[in-house]
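In what follows, a single structure is set out as structure tokens and then discussed.
Below, chain A is the first sequence line, B the second, and so on; all start at residue 1. Just so you know, these numbers come straight off a predicted model, no measurement behind them.
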Protein chains: 2
Amino acid sequence: MGTPLPRDPIADARLNWERHGWSDVAAPMAAITAIMRTQQILLGRIEAVLKPFGLTFARYELLALLSFARSGALPMNKASALLQVHPTSVTNAVDRLQDAGLVMRSPHPTDGRTTLIELTPDGRALAKRATAVLNSEVFGQSGFGDQDVDQLIRILGTFRRNAGDFSG
Amino acid sequence: MGTPLPRDPIADARLNWERHGWSDVAAPMAAITAIMRTQQILLGRIEAVLKPFGLTFARYELLALLSFARSGALPMNKASALLQVHPTSVTNAVDRLQDAGLVMRSPHPTDGRTTLIELTPDGRALAKRATAVLNSEVFGQSGFGDQDVDQLIRILGTFRRNAGDFSG
DNA sequence: GCAATATACTAGGACATCCAAGGGTTTGGA
DNA sequence: TCCAAACCCTTGGATGTCCTAGTATATTGC
């Protein structure tokens, strides 16, 4: 975590795979490892930008999701499904956002099992400010070329559909 | 998490971005979010395969790295650099692998600050077995087409180099 | 040769994720 | 009608990641 390595560690791993007789899966191994590492880099950038706002990516994602909901409120299970994380992760995020006064829990009007999460005015304002900075500092300077962005969206979209994320 | 969603949540997020006047960064936002989600899916598959071996991905990566070292041993700081994780994460992984009898710590012959991590025979054997299953169950069935694998390696390789991962 | 700086590892804490289990609410079939 | 099954959320536990700080060892510079 510091100075650049003299060689690409993933390319090296691929060579090791090939040397050990696993040539047939060396390329996908390298691609998957590269996805892991890229996610790590991107998450680091995002967290660095959100830190001054007192937000983590998990909390930001929830705020952003709520800010796009017509009523500014969503059932927790809906948020869990849309964010594609475990329900306990949503509980965790809501606890902290609630402590920070950014969201509120309220009972569902007709289903006693369900809890609605609702943005507070503070939460809505913070989501707006954080999104602006995230757009300019991270998404606007992703380092991916326009064509590569399209390729990624296509390749990963196919993958996610095949993995059962969505049926559309 | 569960049943597939009727619509792609990332495509929906992209539409929301565009509707709110952030069209210029909507595409990279979607690509980055897709990388995050893809990583999550792949990590889930990998962890599921490793679980019967009593391994997590973090521990497996360390075992695999050691198994490729000529001497079967590496300094902890070297492992941290090659795996591109924080030194404390390596300490954590080594603690658990050591408890499981898969690696051993030994003092560096000339530098008193440095600790070497060394594979035990058990560790080497387990790495071999886990790799075989990982290759056949995950990397061999990644769901990416051959051309897409090449594209991913190229796009993410450029990204990682620009991010300062390596200089080669 | 010795003090100041740099490097290596570890301990403790904050967060996030998942799983397993538990308590409350709804739904549906006997 | 009524009880079992399904569903929703939360608590508690295990892991992993990072950061900050602290201890020990090397290296550097005067």
Could you state the atom-to-atom distance from [atom1] of [X] to [atom2] of [N] in whole Å?
X: A:H86; N: D:dT15; atom1: NE2; atom2: P; value: 17 Å
X: A:Q84; N: C:dC18; atom1: CD; atom2: P; value: 11 Å
X: A:E47; N: C:dA14; atom1: CD; atom2: P; value: 17 Å
X: B:R37; N: C:dA16; atom1: CZ; atom2: P; value: 18 Å
X: B:Q39; N: D:dT17; atom1: CD; atom2: P; value: 11 Å

Got a sec? Which of residues 48-73 of chain A come in under 4.0 Å of DNA chain C, heavy atoms?
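When residues 48-73 of chain A is checked for heavy atoms under 4.0 Å from DNA chain C, the hits, listed by number, are A:T56, A:A58, A:R59.
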Salt-bridged, A:R161 to B:D8, with N to O below 4.0 Å?
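The answer is no: the pair does not qualify as a salt bridge.
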Are any of A:R105's side-chain N or O atoms less than 4.0 Å away from OP1 or OP2 of D:dT10?
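Checking A:R105 against D:dT10: at least one side-chain N or O falls below 4.0 Å of OP1 or OP2.
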Any B:H108 side-chain N or O less than 4.0 Å from OP1/OP2 of C:dA8:
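Checking C:dA8 against B:H108, no side-chain N or O comes under 4.0 Å of OP1 or OP2.
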Check whether the side chain of B:S89 and the base of D:dC18 form a donor-acceptor pair under 3.5 Å.
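In this structure, the two groups form no donor-acceptor pair.
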Please confirm whether any donor atom in the side chain of A:T88 sits under 3.5 Å from an acceptor in the base of C:dC19, or the reverse.
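Answer is yes: a donor-acceptor pair is held.
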Can you check whether [X] reaches [Y] side chain to side chain, under 4.5 Å on heavy atoms?
X: B:M36; Y: A:F57; answer: yes
X: B:T131; Y: A:W22; answer: yes
X: B:L62; Y: B:L83; answer: yes
X: B:M29; Y: A:L134; answer: no
X: B:L5; Y: A:D165; answer: no
X: A:H108; Y: A:T115; answer: no

Looking only at side-chain atoms of A:N77, point me to the closest of D:dT17, D:dC8, C:dC18.
D:dC8
Mark yes when over 12 heavy atoms from residues, nucleotides or ligands other than A:R7 sit less than 6.0 Å from its CZ; otherwise mark no.
no
Nucleic acid footprint by protein, nucleotides 22-28 of chain C - heavy-atom cut-off 4.0 Å, B for base, S for sugar-phosphate alone
--BBS--
With side-chain contact (heavy atoms from CB on, under 4.5 Å) as the test, would you mind laying out the steps for B:R14 and A:I153 before giving the verdict?
CA-CA 11 Å; B:R14 179 173 178 174; A:I153 290 173; 3.4 Å; yes
Distance-only donor-acceptor hits, side chain of residues 94-102 of chain B, under 3.5 Å, sequence neighbours excluded:
from, atom 1, to, atom 2, distance (Å)
B:D95, OD1, B:R105, NH2, 2.1
B:R96, NE, B:N92, OD1, 2.6
B:Q98, OE1, B:R105, NE, 3.2

Could you pull out the protein-nucleic contacts involving nucleotides 1-4 of chain D (nitrogen or oxygen on both sides, under 3.5 Å)?
none

Among the clusters formed by ILVMFWY side chains lying less than 4.5 Å apart, do B:I32 and A:L82 turn up in the same one?
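B:I32 and A:L82: one cluster.
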For the pair A:H20 and B:F68, name the ring-plane relationship: parallel under 30°, tilted 30 to 60°, perpendicular over 60°.
perpendicular
For A:F159, which of B:D148, B:L42, B:L152 qualifies under side chain to side chain contact (heavy atoms under 4.5 Å, CB included)?
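For A:F159, the side chain to side chain contact (heavy atoms under 4.5 Å, CB included) check succeeds only for B:L42.
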Which of residues 90-101 of chain B sit near DNA chain D, with a heavy atom under 4.0 Å from it?
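When residues 90-101 of chain B is checked for heavy atoms under 4.0 Å from DNA chain D, the hits, listed by number, are B:N92, B:R96.
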Going by ring-ring contact (aromatic ring centres under 6.0 Å, His included), name the residues that satisfy it together with A:F53, two or more places apart in sequence or in a different chain.
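Counting only residues at least two positions away or on another chain, A:F53 forms no ring-ring contact (aromatic ring centres under 6.0 Å, His included).
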